[in-house]
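The block underneath contains the structure these notes are about, expressed in C-alpha cells.
Owing to the predicted nature of the structure, the values given are computational and were not obtained by experimental measurement. Throughout, residue positions are numbered sequentially from 1 according to the sequence presented.
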Amino acid sequence: MKISPSLLSADFGNLNRDVIMLNESVADMIHLDIMDGVFVPNISFGFPVIKSVQKIATKPLDVHLMIVNPQNYINQVRDCGAEIMNIHQEACIHLHRTIQAIKNAGMKAAVTLNPSTPVSTLEDIITELDMVLLMSVNPGFGGQSFIPNSVKKVKQLKSLIESSSSNALIEVDGGVNLETGKLLAQAGADILVAGNAVFAAPNPKEMIEALHNL
C-alpha cells in the first residue's frame, strides 16, 4: 500500500522538522491540501508554503486543490514542484479540458470525488486519469470520522477502472487509520492519505510503516 501523509495535520510551527521526518519514512509521497474558504469552509495554505515544502521534500508532492476554478492555477502548481495535480470534479466545469492542460504542463492528472458524488461521473474520462481520489469525509477539515460507504465506493471505482482498462490509481482521503485502511486495502485502494493517524501517533514513522504494510 502506498502512503501519502497529509501535511494538513502537521505542526505548522515545525513544518521543516515534519517534512524531514516524512523524507526519512517509507511514505511514498506528501499530500498537500489547498483550501480557499469558498469551495470548502476552511482556508489552509497556498503556493508559498508548497514552494517551501518542495525545497525540503525528497518525496513527490501530491497537491490536492479544494478550490473553485482550479484550472486557473495549473502553471502555479507546476512551478511549485508538484508531481500530481488533483482537482475536484465538482469544482471544474470543463473537466476533460483541464485534465489535458494538467498533463500538458508536465504533471500527472488526478480527479477527486466528494462523498456524495457517484463514481459514474468519471465514466467518460477514467482512461485519461492517472489517479482518482475518493474523499471518505466531507472535505475542508482534518480529524473527521470515516464514512463507511467509502469502502463500497472504492469497489465501484475499481470495477470501473478494470472494465475500462484504465491505469488510474485509487487514492482515499479522510478518517484513514489502521482499521479503516485495512478495509480500503481489501476493497482495492492503492494509496492512503493519512493525517491525524500519522502526526498524532507516538511514533509517526512507525505508523506510516504500519499503514504501508496493510
Side-chain angles (χ1 to χ4, degrees), residues 2-10 12 15-16 18-20 22-23 27-114 117 121-135 139-142 157 161 166-174 190-191 193 195:
K2 294 183 178 181
I3 307 300
S4 185
S6 173
L7 283 187
L8 190 63
S9 297
F12 282 16
L15 200 54
N16 185 80
D18 284 356
V19 173
I20 290 173
L22 295 179
N23 289 344
D28 298 275
M29 56 191 79
I30 298 175
H31 194 82
L32 297 105
D33 289 306
I34 313 305
M35 306 178 187
D36 62 359
V38 179
F39 181 70
V40 293
N42 196 13
I43 296 174
S44 57
F45 49 81
F47 299 120
V49 172
I50 304 176
K51 287 182 179 180
S52 296
V53 170
Q54 191 270 336
K55 292 177 182 178
I56 309 165
T58 58
K59 310 280 185 176
L61 301 187
D62 172 20
V63 178
H64 176 195
L65 298 183
M66 303 183 194
I67 66 174
V68 296
N69 300 318
Q71 68 277 3
N72 295 341
Y73 302 96
I74 293 173
N75 289 340
Q76 286 163 281
V77 173
R78 177 201 60 203
D79 293 345
C80 287
E83 179 170 311
I84 303 168
M85 180 171 172
N86 207 319
I87 59 174
H88 271 260
Q89 184 268 0
E90 305 86 1
C92 196
I93 297 174
H94 302 291
L95 189 56
H96 184 273
R97 179 187 298 164
T98 304
I99 290 165
Q100 293 304 311
I102 291 171
K103 289 187 171 186
N104 289 338
M107 295 178 287
K108 293 180 180 178
V111 170
T112 303
L113 298 182
N114 281 338
T117 304
T121 60
L122 299 181
E123 285 181 0
D124 292 329
I125 60 164
I126 191 65
T127 57
E128 304 291 326
L129 302 179
D130 296 296
M131 185 170 76
V132 176
L133 170 57
L134 297 180
M135 293 301 301
F141 299 92
L157 178 56
I161 289 171
S166 169
N167 293 317
L169 297 177
I170 300 174
E171 185 176 48
V172 185
D173 182 5
D190 302 295
I191 306 167
V193 177

Next item on the list: Measure the spacing between OG1 of Thr112 and CG of Leu65 and express it to the nearest 0.5 Å.
Entry: 8.5 Å
Next item on the list: Tell me yes or no: between the side chains of Ser4 and Asp28, is some donor less than 3.5 Å from an acceptor?
Entry: no
Check: Got a sec, which pairs hit salt bridge (charged side-chain N to carboxylate O under 4.0 Å, His left out) with one end in residues 49-75, sequence neighbours left out?
Finding: none
Notebook entry, point to check: Thr117 and Glu90: side-chain donor and acceptor closer than 3.5 Å?
Noted result: yes
Note to self: Just checking Asp79: does its CG atom have more than 12 heavy atoms from other residues, nucleotides or ligands closer to it than 6.0 angstrom?
What the structure shows: yes
Next item on the list: Ignoring hydrogens and angles, tell me if any N or O in the side chain of Asn23 forms a donor-acceptor pair with the backbone of Ile56 under 3.5 Å.
Entry: yes
Next item on the list: For residues Leu133 and His64, determine if any side-chain heavy atom of one lies less than 4.5 Å from a side-chain heavy atom of the other.
Entry: yes
Check: Roughly how far, to the nearest 0.5 Å, is the CZ atom of Phe39 from the CG atom of Asn69?
Finding: 11.0 Å
Notebook entry, point to check: Considering all heavy atoms of both residues, which atom of Leu95 and which atom of Gln89 are nearest to each other, and what is their separation?
Noted result: CD2-CG, 3.8 Å
Note to self: Taking Val68's backbone N and O only, do any of them form a donor-acceptor pair with Asp36's side chain (distance below 3.5 Å, no angle check)?
What the structure shows: yes
Next item on the list: Answer yes or no: does atom NZ of Lys2 have more than 12 heavy-atom neighbours from other residues, nucleotides or ligands under 6.0 Å?
Entry: no
Item checked: Backbone of His94 reached by a side-chain donor or acceptor of Thr98 within 3.5 Å -> yes
Checklist line | Over all atoms of both residues, closest heavy-atom pair of Phe12 and Leu7 | finding: CE1-O, 3.1 Å
Item checked: Minimum heavy-atom distance Ala57-Ile30, with the two atoms named -> CB-CD1, 3.8 Å
Check: CG/Leu32 to CD1/Ile34 distance, rounded to the nearest 0.5 angstrom?
Finding: 5.5 Å
Notebook entry, point to check: Which heavy atom of Asp33 sits nearest a heavy atom of Phe45, and at what distance?
Noted result: O-CZ, 3.6 Å
Note to self: Please enumerate all residues that pass side-chain hydrogen bond (donor to acceptor under 3.5 Å, both in side chains) together with Asn75, with sequence neighbours excluded.
What the structure shows: Arg78
Item checked: Working for side-chain contact (heavy atoms from CB on, under 4.5 Å), residues Val63 and Cys80 -> CA-CA 10 Å; Val63 178; Cys80 287; over 6 Å; no
Next item on the list: Compare all side-chain heavy atoms of Leu61 with those of Glu83 and state whether any distance is below 4.5 angstrom.
Entry: no
Check: What is the distance from atom CD1 of Ile3 to atom NE2 of His31, rounded to the nearest 0.5 Å?
Finding: 12.5 Å
Margin query: On a heavy-atom basis, which atom in Pro70 and which in Cys92 lie closest, and how many Å separate them?
Written below: CG-CB, 4.4 Å
Item checked: pair Val172-Ile191: side-chain heavy atoms closer than 4.5 Å -> no
Checklist line | Separation between CD1 of Ile102 and CG of Asn86, rounded to the nearest 0.5 Å | finding: 8.0 Å
Check: Stepwise, does the side-chain contact (heavy atoms from CB on, under 4.5 Å) test hold for Leu122 with Val132?
Finding: CA-CA 9 Å; Leu122 299 181; Val132 176; 3.6 Å; yes
Notebook entry, point to check: Is there side-chain contact between Val38 and Ile67, with at least one heavy-atom pair below 4.5 Å?
Noted result: no
Margin query: When you compare the side chain of Asp130 with that of Asn167, does any pair of heavy atoms fall below 4.5 Å?
Written below: no
Checklist line | Atom of Pro139, atom of His88 and distance for their closest heavy-atom approach | finding: CG-CE1, 4.2 Å
Checklist line | Worked verdict on Glu128 versus His96 for side-chain contact (heavy atoms from CB on, under 4.5 Å) | finding: CA-CA 8 Å; Glu128 304 291 326; His96 184 273; 4.1 Å; yes
Notebook entry, point to check: When you measure from the side chain of Thr127 to the backbone N and O of Ser166, does any donor-acceptor pair fall under 3.5 Å?
Noted result: no
Note to self: Counting C-beta onward and ignoring hydrogens, is there a side-chain heavy-atom pair between Ile74 and Asn104 closer than 4.5 Å?
What the structure shows: no
Next item on the list: Decide yes or no on side-chain contact (heavy atoms from CB on, under 4.5 Å) for Lys108 and Met85, but give the supporting numbers first.
Entry: CA-CA 6 Å; Lys108 293 180 180 178; Met85 180 171 172; over 6 Å; no
Next item on the list: Look only at the side chain of Asp190 and the backbone of Leu169, and say whether a donor-acceptor pair between them is shorter than 3.5 Å.
Entry: no
